[in-house]
Amino acid sequence: MLIAGNWKMYKGPAETAEFCVDLKRRLDDLDAVDVAVCPPFTSLAVAVQILAGTEIAVAAQNVHWEREGAFTGEVSAPMLRELGVYGAIVGHSERRQYFGETDATVAKRAKAALEAGLSVIACVGETETEREAGETKDVLRRQVSVLEGEDNLVVAYEPVWAIGTGKTATPELAQEAHAFIKGLLDVPVLYGGSVKPENAGELLELPDVDGALVGGASLDVESFAAICLSATHS
Ligand code: PGA
């Protein structure tokens with residue numbers, strides 16, 4: 001079971017430090033649940049420093065596929081490794097939607113990160129229009145197929161219509177999508193999309209849900225810790 005907090009473009013180093021000190025205290029005796037926080041690039045170093053020696057891992061929200069080069073604004077896997085970062089999210093729907101991320105670039109990022117020794121959380125998920133058009137399985141098949149052969153990664157199923165909207169997938173719908181993804185690729189699958197302390201329990205107890213990628217509710221240390229604790233009962 002893995003609970004990862006995707007902070008998106010929130011929390012600079014000072015806020016990150018405060019959050020990590022508090023989280024460390026709250027999750028001190030948490031057992032059998034892997035926890036990761038994914039701060040913005042500029043807050044990674046302080047998170048790594050404060051969480052060193054704990055079971056709480058630190059991951060980035062993106063990573064480039066080249067080791068170095070003329071790629072303004074990008075950060076490579078060896079650079080993240082040097083900081084002591086354990087992994088990276090790739091292919092988040094916000095990157096696909098606003099920054100031209102495609103299935104091909106997601107695959108390149110995932111492959112390079114894994115080769116460099118980072119763990120990877122690769123995001124997939126259909127939009128509302130795709131779901132309404134009955135295309136969910138085709139979309140998931142297309143997004144997952146580019147990750148074939150990468151057995152070490154974790155997939156996050158994040159229906160785009162559920163991200164930041166307060167609309168969570170029903171347990172039935174999440175279970176169906178997770179089972180479908182696991183049929184394509186034998187990897188752990190996290191659920192993401194408006195996960196909160198109030199709904200985490202029923203989602204995390206589903207047979208094919210192996211954890212959660214939490215956005216909004218991961219920004220508040222109390223609610224993020226509550227989600228991590230509810231995973232211990234699942
Ligand atoms: P949300 O975001 O929990 O705020 O819906 C999830 C995500 O984007 O990873």
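Values below: every heavy atom of this structure, side chains too, minus hydrogens, waters and symmetry copies. Just so you know, ligand 1 is whichever comes first in the structure, and atom 1 is the first atom listed for that ligand. Just so it is clear, the model here is predicted, and its values are computed rather than measured.
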**Q.** Contact check, side chains of Trp161 and Glu126, non-hydrogen atoms, under 4.5 Å
**A.** yes

Q: On the 0 to 90° scale, with breaks at 30° and 60°, tag the Phe19-Phe224 ring pair as parallel, tilted or perpendicular.
A: tilted

Q) Please walk me through it: do Glu115 and Lys111 pass salt bridge (Lys or Arg N to Asp or Glu O under 4.0 Å)? A) CA-CA 6 Å; Glu115 275 171 10; Lys111 193 171 179 349; 3.0 Å; yes

Q. Other hydrophobic cluster members with Val139, side-chain heavy atoms of Ile/Leu/Val/Met/Phe/Trp/Tyr under 4.5 Å, chained?
A. none

Name each N or O atom in ligand 1 that is under 3.5 Å from a protein N or O, and give the partner atom and the distance.
residue: ligand 1; atom: 2 (O); partner: Lys8; partner atom: NZ; Å: 3.4
residue: ligand 1; atom: 3 (O); partner: Ser194; partner atom: N; Å: 3.4
residue: ligand 1; atom: 3 (O); partner: Gly215; partner atom: N; Å: 2.8
residue: ligand 1; atom: 4 (O); partner: Gly216; partner atom: N; Å: 2.8
residue: ligand 1; atom: 5 (O); partner: Gly164; partner atom: N; Å: 2.6
residue: ligand 1; atom: 5 (O); partner: Ser194; partner atom: N; Å: 2.7
residue: ligand 1; atom: 8 (O); partner: Lys8; partner atom: NZ; Å: 2.7
residue: ligand 1; atom: 8 (O); partner: His92; partner atom: NE2; Å: 2.6
residue: ligand 1; atom: 9 (O); partner: Asn6; partner atom: ND2; Å: 3.4
residue: ligand 1; atom: 9 (O); partner: His92; partner atom: NE2; Å: 3.3
residue: ligand 1; atom: 9 (O); partner: Glu158; partner atom: OE1; Å: 3.2
residue: ligand 1; atom: 9 (O); partner: Glu158; partner atom: OE2; Å: 2.6

Q: Please tell me if the side chains of Val120 and Glu150 come closer than 4.5 Å, counting only heavy atoms from C-beta onward.
A: no

**Q.** For Leu30 against Cys228, the heavy-atom pair lying closest together
**A.** CD1-O, 4.0 Å

